[in-house]
Amino acid sequence: RRALTMLEDARVRLLNGFSGRPLLSPLSDDRGPLTEISTRLRAFFAASLWLGASWTGDGDSRNELRARCSEALRSDQRRRALHLHLEGLGDEQLLHIAEGLPQELQELRLWLRCASIQDEELAALSKVLPPGLKYVWLDLQHCRNITDGGVEALVDNVSSREVAIDLSLSGTQVSTKVQEHFAAEAFKREEEQKYGHSKLIERALGVALCRDPDRIKKCRQRVVPAVRELERALVQNDPNRSQVALRALGAFGDRALQGLGNDAAERARAIEAELEAKEAERLDKKAPKR
């Protein structure tokens with residue numbers, strides 16, 4: 001209860017500071033844009049309090065603090081990424097966190113090293129992940145109750161969505177083969193993030209980019225308007241290169257796509273519709289038959 005009182009007092013002081021009011025003034029009902037600031041601050045403090053909420057006080061006070069932290073986190077609908085250090089977390093506490101995940105979340109990173117969670121909690125977490133989530137990173141090192149079954153359940157429950165998963169699994173009961181698979185996937189993803197955009201451009205334009213600094217110095221260099229070249233590749237008859245060109249253009253941002261000519265814009269819409277139809281067909285095949 002003391003922690004909750006301190007949390008509210010800090011929130012009031014910060015909001016009054018933002019609005020230029022005396023720090024200890026009571027907040028009025030008509031706060032206008034400060035309402036959103038308040039929501040985000042409550043979520044920020046809730047994330048900071050999570051681990052303390054797992055260990056502090058008696059059972060009733062812990063449950064109350066967890067519930068309030070969960071509510072505060074979930075209310076922050078503008079949050080797109082959430083990183084929480086929860087080393088040593090108890091098994092029943094993971095679901096409290098899952099209940100508090102903002103529904104607009106796109107990236108989730110949880111440090112759960114040495115937590116006492118089991119396969120069942122890992123599977124339950126995977127079932128309530130936000131619908132728009134794109135990336136999950138879990139540090140499960142030395143979570144000694146995690147086995148191949150828990151990892152398989154996690155992957156199966158998100159397989160119908162485009163969710164990238166990175167897992168750190170040393171010190172668990174997970175087999176060496178599965179651990180090596182996720183280590184290789186993590187390395188591949190890191191390489192793609194480092195060179196992914198340039199590789200898309202290579203595939204779309206049918207060229208090989210030189211990345212060796214010493215060789216670059218010896219070569220003649222010419223500036224190429226990449227967006228315009230990709231636009232030409234987009235309208236070609238080769239469907240594979242057209243799709244890659246669209247992905248490369250998307251990596252430049254919305255302005256690149258908005259600046260496309262009429263033919264290229266029409267081709268982009270057709271490709272997107274085709275990809276959506278294929279994804280819907282894939283999901284339909286994976287759905288259980290009645």
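In this chain, numbering begins with 1 at the start of the sequence shown. As the structure is a prediction and not an experimental result, all values here were calculated from the model. Because only heavy atoms are used, hydrogens play no part in the values below, and waters and symmetry mates are left out as well, while side chains stay in.
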message: For L82 and D76: C-alpha separation, side-chain torsions, deciding distance, then whether side chain to side chain contact (heavy atoms under 4.5 Å, CB included) applies.
response: CA-CA 11 Å; L82 180 62; D76 187 5; over 6 Å; no

- request: Output the distance between atom CD (E87) and atom CG (L112), rounded to the nearest 0.5 Å.
  value: 8.0 Å

field: Under-4.0 Å salt bridge between R228 and E231
entry: yes

message: Working to the nearest 0.5 angstrom, can you tell me the gap between D139 CG and R109 CZ?
response: 11.0 Å

query: Going from NZ on K177 to CG on D148, what distance comes out if it is rounded to the nearest 0.5 angstrom?
result: 10.0 Å

- line: One should read off an interatomic distance between L101 CG and L108 CG, to the nearest 0.5 angstrom, of 5.5 Å

task: Only counting residues at least two apart or in another chain, list the ones meeting side chain to side chain donor-acceptor pair (under 3.5 Å) with S126.
output: N157

query: Do the non-hydrogen side-chain atoms of R267 and L246 ever get within less than 4.5 Å of each other?
result: no

task: Consider only side-chain heavy atoms of I, L, V, M, F, W and Y, link residues closer than 4.5 Å, and tell whether L110 and V128 are in one cluster.
output: no

- prompt: Under 4.5 Å between side-chain heavy atoms, hopping through other hydrophobics if needed: is there a path connecting V155 to V174?
  reply: yes

message: What's the separation between atom CZ in R241 and atom CG in L230, rounded to the nearest 0.5 Å?
response: 10.0 Å

Side chain proximity check, H83 to W111, heavy atoms < 4.5 angstrom: yes

field: Min side-chain heavy-atom separation R144-H142 under 4.5 Å
entry: yes

field: Check against side chain to side chain contact (heavy atoms under 4.5 Å, CB included), L234 and I271
entry: CA-CA 10 Å; L234 180 61; I271 293 174; 3.7 Å; yes

message: Checking L86 against I97 for the side chain to side chain contact (heavy atoms under 4.5 Å, CB included) test, could you report, in this order, the C-alpha distance in whole Å, the side-chain angles of both residues, the deciding distance, and whether it holds?
response: CA-CA 10 Å; L86 301 167; I97 296 171; 2.9 Å; yes

Chi angles and distances behind the salt bridge (Lys or Arg N to Asp or Glu O under 4.0 Å) call for R232, E229: CA-CA 5 Å; R232 293 191 185 96; E229 293 297 326; 2.7 Å; yes

query: Mind checking whether V151 and L167 have side chains closer than 4.5 Å, heavy atoms only?
result: yes

field: Side-chain heavy-atom pair L125, I117 within 4.5 angstrom cut-off
entry: no

query: Below 4.5 Å, heavy atoms only, C-beta onward: do N145 and D119 meet side chain to side chain?
result: no

- prompt: At their closest point, which heavy atom of L105 faces which heavy atom of P130, and how far apart are they?
  reply: CB-CG, 3.9 Å

field: R74 side chain to E99 backbone, donor-acceptor under 3.5 Å
entry: yes

query: Does the E121 side chain pair with the main chain of Q118, one donor and one acceptor, at a distance under 3.5 Å?
result: yes

- prompt: Closest heavy-atom contact between A123 and A153?
  reply: CB-CB, 3.7 Å

- request: Starting at CD of Q258, measure out to CG of L260 and round the result to the nearest 0.5 Å.
  value: 9.5 Å

task: Establish whether L122 and V178 are linked, either directly or via other cluster members, by ILVMFWY side-chain heavy-atom contacts under 4.5 Å.
output: yes

query: Do the non-hydrogen side-chain atoms of E104 and R80 ever get within less than 4.5 Å of each other?
result: yes

- prompt: L133, I165: one ILVMFWY side-chain cluster at the under-4.5 Å cut-off?
  reply: yes

- prompt: Do Q103 and Q77 touch side chain to side chain, with heavy atoms closer than 4.5 Å?
  reply: yes

